[in-house]
Amino acid sequence: MPELPEVETVRVGLETHLVGRVITSVDVAHPRAVRRHAGGEPDLVGRLTGKAVTGVRRRGKYLWIDVSDATDRAALVVHLGMSGQMLIARGGAPDHTHLRVRALLDDENELRFVDQRTFGGWHLDDYTVDAYAPAGMPAADVPVSVAHIATDPFDPAFDVERVVNRMRAKHSEIKRVLLDQTVISGVGNIYADEALWRARLHGARIAETISRKKLRELIEAVTVVMAEALKVGGTSFDALYVNVNGQSGYFERSLNAYGRAGELCRRCGAIMRRESFMNRSSFYCPRCQRRPSDVESRG
DNA sequence: CAGAGATCCTGCAAGC
DNA sequence: TGCTTGCAGGATCTCT
């Protein structure tokens, strides 16, 4: 599933292929892919057509393509959801099975949005002032629909102490807090489990009961885990096909927690467990990552 | 208002 | 063999 490292890999690829290009036409193959665009499909197509790409940016798992013409500028906001892919294909190449949106470019290539499970989509948005811009730095702009998303650990404006403060204010399980994109962005189920394992924290621990020091360790773990994934994700990048969906080394990545139920903890040798949580799976080591009740009983 | 849980969606895999 | 059921999960909506 695309989390920050996968989305960043896509962003870099899109930047290479799209900046300077003009979108000559847009075709929506599945209306659900543009459901978040307020003005509806015709508005999206009309406003996007003829615009040039000036940049590709990202915050957390949100990606946006800056587009403009002589009189109008906007952000084409892209969320990959669970299975979204942004592909650059030769014009006229056979359609992909789950093609949702196609944008023709002025270099005879096509930008394609392919998404099996249709949780992702495109919408065109205006900009607003970035509330996360640090004082003294020029106030960057962000798409209105991304303004509520917190910075991610790779953002120059990322502020560890601010995140620790927000976590400490939460009477909620720490894994839920890690997945809350308004606290820290970019983390999904897989890297949440990896970071919790690395920081030796059980996901059910209540955030406000965890020490500031431990929360800093957790944020550091998130950063390291995602940085390592990004390193791998960036290597097998095909020149023509911008592939998101994990194929770029995703499964070759060595995971220490996610998917390892029944296997031995690589740190202590205990048998890893799987639990259901928030309608999804959580993987952890019962010895390294003590359940809240165990922690409390020890004082 | 904050937190918890349901919901959307499709393809694959497991089980009867 | 063929059907049903469960599972995967990011973001948003609804309910408490």
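We name chains A, B, ... by the order of the sequence lines, and we start the count at 1 in each one.
- A:R102 forms no cation-pi arrangement with A:F113, by the criterion of a distance under 6.0 Å to the ring centre and an angle within 45° of the ring axis.
- Look at A:E173 and A:R176 and you find no salt bridge, because none of the NZ, NE, NH1 or NH2 atoms lies under 4.0 Å from a carboxylate O.
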Would you tabulate the side-chain donor-acceptor contacts of residues 18-27 of chain A under 3.5 Å, counting partners in other chains and residues two or more places apart, or write 'none'?
residue	atom	partner	partner atom	Å
A:R21	NE	A:D106	OD1	2.7
A:T24	OG1	A:L104	O	3.2

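- A straight line from CZ of A:R280 to C1' of B:dC9 spans 13 Å, rounded to a whole angstrom.
- Backbone-only contact: A:Y62 has heavy atoms under 4.0 Å from sugar-phosphate atoms and none from a base.
- Formation of a donor-acceptor pair under 3.5 Å by the A:N165 side chain with backbone atoms of A:E161 is found in this model.
- Taking 4.0 Å as the cut-off between side-chain N and carboxylate O, A:E194 and A:R198 do not count as a salt-bridged pair.
- With sequence neighbours excluded, the residues forming a salt bridge (charged side-chain N to carboxylate O under 4.0 Å, His left out) with A:K175 are A:D193, listed by chain and number.
- The side-chain contact (heavy atoms from CB on, under 4.5 Å) test with A:W197 is passed by exactly one of A:H202, A:R260, A:R267: A:R267.
- Among A:D152, A:D155, A:D130, A:D66, the single residue meeting the salt bridge (Lys or Arg N to Asp or Glu O under 4.0 Å) criterion with A:R57 is A:D66.
- Looking at A:R168, its side chain does come within 3.5 Å of a backbone N or O of A:E208 through a donor-acceptor pair.
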Please walk me through it: do A:E41 and A:R35 pass salt bridge (charged side-chain N to carboxylate O under 4.0 Å, His left out)? CA-CA 8 Å; A:E41 181 184 323; A:R35 68 193 180 284; over 6 Å; no

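- Within a 6.0 Å radius of CZ in A:R200, no more than 12 heavy atoms belonging to other residues, nucleotides or ligands are found.
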Set out, line by line, the N/O atom pairs under 3.5 Å between protein and nucleotides 11-15 of chain B.
residue	atom	partner	partner atom	Å
B:dG11	O4'	A:Q116	OE1	3.3

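- Within residues 29-45 of chain A, the residues approaching DNA chain B are A:R32, by heavy-atom distance under 4.0 Å.
- For DNA chain C, the outermost nucleotides in 5' to 3' order that have an atom under 4.0 Å from a heavy atom of chain A are C:dA8 to C:dT12.
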Check nucleotides 1-5 of chain B against the protein and report each pair of N or O atoms closer than 3.5 Å, with its distance, or say if there are none.
residue	atom	partner	partner atom	Å
B:dG3	OP1	A:H171	N	3.2
B:dG3	OP2	A:K170	NZ	3.0
B:dA4	OP2	A:S172	OG	2.7
B:dA4	OP2	A:R176	NE	3.4

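- Ion pairing between a basic and an acidic side chain is recognised when a charged N comes within 4.0 Å of a carboxylate O; A:D115 and A:R32 show no such pairing.
- A donor-acceptor pair shorter than 3.5 Å cannot be found between the side chains of A:T118 and A:H30.
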